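For reference, the structure is listed below as structure tokens.
Keep in mind the model is a prediction, meaning the values are calculated, not measured. We number each residue from 1, following the sequence as shown. As a basis for the values below, the full set of heavy atoms in this structure was taken, side chains included, without hydrogen atoms, waters or symmetry mates.
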Amino acid sequence: MGASNMSTSSDFTLVGFFSQAGPHLTLFFLVVTMLTTGLLGNTILIFLIVTDSRLHTPMYFLLSQLSLLDVGFPLITIPKMVADFLQGESTITFRGCATQMFFLMLVGVSEGVLLSLMSYDRYVAVCHPLHYRVLMNGQICLMMVGASWFSGALVASIQTAITLQFPYCASHTVDHFFCELPALLKLSCADTSAYELALSISGVLILLLPLPLIFISYGHVLGAVLHMSSSEARHKAFTTCSSHVAVVGLFYGAAVFMYMVPGSYHSPQQDNVVSLFYSLVTPTLNPLIYSLRNREVRTALVKAMGRADFRMKR
């Protein structure tokens, strides 16, 4: 391998998250517990939406796609981090790093687009309930989901391909617990300033373009909720939409800090914490937010548990 090239057999060394923290074992068990909780919660939510006919609505179909993305998000990064801690080593191959980076961007961009489309679904449901079945039919829902996945695949393909074209002739130690694009660019011995500028511009487009749709949709929703005459309908609409707003805030808050705040304003340690937040904490909280605040989900869960208990007694 030449001084300015890196072969596909080269390995990167990841800086483990646990090695930067204080009580390693406590944090390790906390991460494992959150991973298990998040995977279990999202899997249960997907199962309930698929099996309970009362949840066969556009909102829950989109929610099932969100849960599917939230299953993938932690699986891309956390098992590798846990295995590295247990084995005492933290290397990843060039192809493994490329694969991890691709799927992270795929899931991240897809989730951002999907959250904005879910805000439109709530806008139609609250502000135009009589036209909901027309404006949010099955074909439109499939198009929404397809658009979110296509956006993620397109962005991930382009950015991964460009990033891996740079020569990595200096240190191969990634100051991160997974192969995230900004951390990897710091290792290149080529001038990446032009690409970093293009990356910032694309980050603004990817992160900020959906936000006006979200703000406008929930602004109209809030106005409609405040003018509802029925207190029960107002409470139901407000509870459902506030859950969506909480999820949007958690996801976009972490993503904006990571990809739009200049690197000089945060350290690698802060990047690790923020990345852990949106790759593990947010996917863990999402099913809890929806299941605890939506009566339909709670009812479906009780019904499913009742069927399981009846079968065990038989």
Side-chain angles (χ1 to χ4, degrees), residues 31 34-50 55-81 99-122 140-160 178-181 203 206-207 209-211 213-214 240 243-256 258-259 274-291 293-294 297:
V31 167
M34 292 192 68
L35 174 65
T36 305
T37 302
L39 293 178
L40 184 62
N42 282 295
T43 302
I44 291 175
L45 197 53
I46 294 173
F47 172 78
L48 293 176
I49 293 172
V50 171
L55 301 182
H56 292 174
T57 63
M59 183 187 79
Y60 287 110
F61 173 69
L62 296 177
L63 179 57
S64 70
Q65 295 300 305
L66 179 65
S67 292
L68 182 61
L69 291 169
D70 284 339
V71 167
F73 229 139
L75 285 179
I76 296 170
T77 58
I78 306 303
K80 167 66 176 171
M81 180 178 68
T99 301
Q100 193 179 62
M101 186 165 54
F102 172 83
F103 281 106
L104 276 170
M105 284 188 284
L106 168 64
V107 173
V109 174
S110 298
E111 183 161 335
V113 174
L114 183 63
L115 287 173
S116 65
L117 296 176
M118 290 176 69
S119 70
Y120 172 76
D121 168 74
R122 290 301 83 204
I140 292 177
C141 289
L142 289 175
M143 290 176 61
M144 286 182 168
V145 172
S148 65
W149 282 99
F150 176 77
S151 301
L154 179 63
V155 173
S157 299
I158 294 174
Q159 293 191 354
T160 301
F178 62 85
C179 289
E180 192 162 33
L181 194 152
I206 294 170
L207 292 174
L209 279 183
L211 286 179
L213 174 61
I214 294 172
T240 302
S243 300
H244 289 221
V245 172
V247 171
V248 170
L250 290 172
F251 178 82
Y252 273 95
V256 166
M258 193 67 195
Y259 286 94
V274 173
S275 296
L276 186 69
F277 185 86
Y278 72 71
S279 65
L280 178 63
V281 178
T282 302
T284 301
L285 291 178
N286 283 353
L288 298 177
I289 291 174
Y290 282 107
S291 62
R293 304 195 67 177
N294 278 14
V297 175

Once you round to the nearest 0.5 Å, how far does CG of L35 lie from CG of L75? 6.5 Å
Given side chains that start at C-beta, do those of M81 and F178 come closer than 4.5 Å, heavy atoms only? no
On a heavy-atom basis, which atom in A156 and which in T160 lie closest, and how many Å separate them? O-OG1, 2.7 Å
V113 to S151 - nearest heavy-atom pair and separation: CG2-CB, 4.0 Å
As an exercise, state the distance from CG of D70 to CG of L45, rounded to the nearest 0.5 Å. 9.5 Å
Just wondering, do F73 and F251 contact through their side chains at under 4.5 Å, heavy atoms? yes
Within the distance-only criterion (no hydrogens, no angle test), does the side chain of Q65 pair as donor or acceptor with the backbone N or O of V145 below 3.5 angstrom? no
From CG (L213) to OG (S119), nearest 0.5 Å: 4.0 Å
To the nearest 0.5 angstrom, please state how far the CG atom of D121 sits from the CZ atom of F61. 11.5 Å
Determine whether more than 12 heavy atoms belonging to other residues, nucleotides or ligands lie under 6.0 Å from atom CZ of F47. no
Hey, are the side chains of P74 and L39 touching, using non-hydrogen atoms and a 4.5 Å cut-off? yes
Are any non-hydrogen side-chain atoms of Y252 and L211 less than 4.5 angstrom apart? yes
Interatomic distance, CG@L104 vs CD@Q159, rounded to 0.5 Å, equals 12.0 Å
If you look at every heavy atom in L106 and W149, which pair is closest and at what distance? CD1-O, 3.9 Å
Heavy atoms of I49 and H56 approach each other most closely as O-CD2, 3.0 Å
Are the side chain of N42 and the backbone N or O of T284 linked by a donor-acceptor pair below 3.5 Å? no
Would you name the heavy atoms of V297 and L48 that are closest together and state the gap between them? O-CD1, 4.1 Å
Answer yes or no: is there a donor N or O on one side and an acceptor on the other, between the side chain of S110 and the main chain of S148, under 3.5 Å? yes
Quick one: pull up CG in L117 and CG in L66 and give me the separation to the nearest 0.5 Å. 11.5 Å
Shortest non-hydrogen contact from I214 to S116? CG1-CA, 3.7 Å
When you compare the side chain of I78 with that of M34, does any pair of heavy atoms fall below 4.5 Å? no
